[in-house]
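First comes the structure, then the notes that go with it.
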Amino acid sequence: ATVANSGQAAALAVSATIAAAPALFTLETAPGGPQMIAGGSSGTFTWVYRAGAGASRGTFSVDAAGTDANDGAPVAAARATSGQVAVAYPIGGTVSGLVRGGLGLRNGSETLTLNVDGAFTFPTPVGSGATYSVTVASQPVGLTCAVANGAGTVGTAPVTNVSVTCAANTYTLSATASPAGSGTLACGGAACQPTYAYSTTPMTITATPSAGYQFTSWSGDCTGTDGCAVTMTANHSVTASFTRLQLTLSATASPTDGGTLACGGAPCQTSYPYSTTPMTITATPSTGYAFTGWSGDCTGTDGCAVTMTANHSVTASFALRTFTFTAAIDKPGQGSVLCDGAACQASYPYSTTPMTLTAVPAPGYQFKNWSGDCSGSATTCSLAMTQNRSVTAHFDPLPSYTLHTSVTPGGAGTLACNGSACAPSYLDGTVLTITAVPADGYTFLSWTNDCSGSDACVVTMDRNRTVGADFTPWPPPP
């Protein structure tokens, strides 16, 4: 308390006493003793009281008295009453989940920075009966802190129940495969989650194609075809695009014109998308060819089916069909048949090119006609070996004609036919060169009947013939 001397004379032995004090306040220290206060001056008296449990606020009354230095008369000050004295209590509580520093709390105009979990107290206490309001002034990076029990009126004890709870910020992650079912995504080696806590550590996202697909590229917060990593300090969206695997199919015919191949009922393609459904490959021979077997990813002669989960190569082999050929002679020994000028074979491969058959009569025979796959009386016949063939050549014996020869006068010479003695008959069509050979003492003169003159005699035996040779003595008689 401050005691003022408003007079001119000094006040001696001035002392001050507490006339009344609030309940639950206990005096611990009193003023040092009386003071002399000069005229126009003041003196200070200090008491220290301890507020007991449950103390809140109250008033103090102070009396002051002394003597006048001039005449020794007593002097006294009017009783003074203090204003309301409030007990101040600290404001505090606990914080949890503060994994990194930088949390700012505010109570009124006072701020407090916290960096670790545990208890906290604002430096300045708040008087009993006054209000307090603890709020978050600044959030730590990556955390969101909330205050509970942060507001109220100070009572008669310290406030210790302010609770601050911090939790990591969570961010959404949309990690999808396109199209659906074409692949899976893993985040940090595990299944991707829809949300993640704040983290500055990059998280690797890997794309794994489903069977039959291949990874093509990233879109969204990752791009290109290389690796993908996101840092969960914000929301992210990532899409991995996949496409169907295209697998090659080599489906060929050997020889190429031997037939055609169909895949699943349609012309075979050089590539197909991945599929676990078997695809049937059928081989259809071209005209004149026969299917002989599969090679490559199909074997044998039965059906062929491939599953396009890998590249495949299939070859269908074809061979020209072989047809039997029979060339018979009606009566053996009467002639023969040539095929394209050579001996006929028992079989021939398929061909649309006609083969020329020629009937060749044996000596003394003439071709009559064909039967079977050839007809008519022409000596040649054309057949294409597009099926089994059978022909028969028919021959007849050639007719023969008589040759009557004579020499005049008898014994004057002889006749030769084609250099040999003339026969009495010859087959039809035989061409004879007849030569007159004079005997000694004769010379050839001329021909008669079917030959005339004296030149060479040539006859064709297409009818009965008569040839005479006249000779004359040589040298002539005298």
Side-chain angles (χ1 to χ4, degrees), residues 1-94 104-114 119-137 147 149-162 164:
T2 300
V3 178
N5 181 3
S6 60
Q8 296 295 318
L12 303 177
V14 177
S15 62
T17 60
I18 297 297
L24 303 181
F25 283 76
T26 302
L27 177 64
E28 288 194 345
T29 304
Q35 300 180 27
M36 185 279 290
I37 301 174
S41 297
S42 61
T44 300
F45 297 85
T46 302
W47 296 265
V48 176
Y49 280 81
R50 177 175 295 277
S56 59
R57 58 179 57 233
T59 60
F60 290 84
S61 297
V62 179
D63 292 331
T67 58
D68 188 317
N70 290 330
D71 57 12
V75 292
R79 176 170 291 183
T81 301
S82 68
Q84 286 285 336
V85 176
V87 179
Y89 291 98
I91 307 299
T94 57
L105 297 180
R106 175 181 290 110
N107 182 32
S109 61
E110 187 175 28
T111 58
L112 176 65
T113 299
L114 302 178
F120 68 89
T121 302
F122 280 90
T124 303
V126 176
S128 177
T131 60
Y132 63 93
S133 178
V134 178
T135 58
V136 175
V147 177
N149 304 322
T153 300
V154 177
T156 59
V159 175
T160 60
N161 66 338
V162 178
V164 181

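- Here the closest heavy-atom approach between residue Ala16 and residue Trp47 is recorded as O-CZ2, 3.4 Å.
- Applying the salt bridge (Lys or Arg N to Asp or Glu O under 4.0 Å) rule to pairs touching residues 4-19 yields nothing, sequence neighbours excluded.
- Enclosure of atom CD in Gln8 is not indicated, since only 12 or fewer non-hydrogen atoms of other residues, nucleotides or ligands lie within 6.0 angstrom.
- The two residues Leu12 and Met36 come nearest to each other via the heavy atoms CD2-CG, 3.3 Å.
- Annotation for Asp68 and Ala9: closest pair OD1-CB, 3.5 Å, computed over non-hydrogen atoms.
- Heavy atoms only, all atoms of each residue included: Ala19 and Asp63 are closest at CB-OD2, 3.6 Å.
- Minimum interatomic distance between Ala157 and Tyr89 (heavy atoms only, all atoms of both residues): C-CD2, 3.4 Å.
- The distance from the OH atom of Tyr132 to the CG atom of Asn149 is 7.0 Å, given to the nearest 0.5 Å.
- Once rounded to the nearest 0.5 Å, the distance linking OG1 of Thr113 with CZ of Phe120 reads 12.5 Å.
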Check the pair Thr121, Ile91 against side chain to side chain contact (heavy atoms under 4.5 Å, CB included), reporting the backbone distance first and the verdict last.
CA-CA 6 Å; Thr121 302; Ile91 307 299; over 6 Å; no
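- Two residues are said to be in side-chain contact when any heavy atoms from C-beta on lie closer than 4.5 Å; Thr131 and Val154 fail this criterion.
- A donor-acceptor pair under 3.5 Å links the side-chain atoms of Ser128 to the main chain of Gly155, judged by distance alone.
- Counting all heavy atoms, side chain and backbone alike, Phe122 lies closest to Val134 at CE1-CG2, 3.8 Å.
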Please test Leu105 against Val164 for side chain to side chain contact (heavy atoms under 4.5 Å, CB included), starting from the C-alpha separation and ending with a verdict.
CA-CA 9 Å; Leu105 297 180; Val164 181; 4.1 Å; yes
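- Within the 4.5 Å cutoff, no side-chain heavy atoms of Val162 are placed close to those of Asn107.
- Counting only heavy atoms from C-beta outward, the side chains of Val147 and Thr135 never approach each other to under 4.5 Å.
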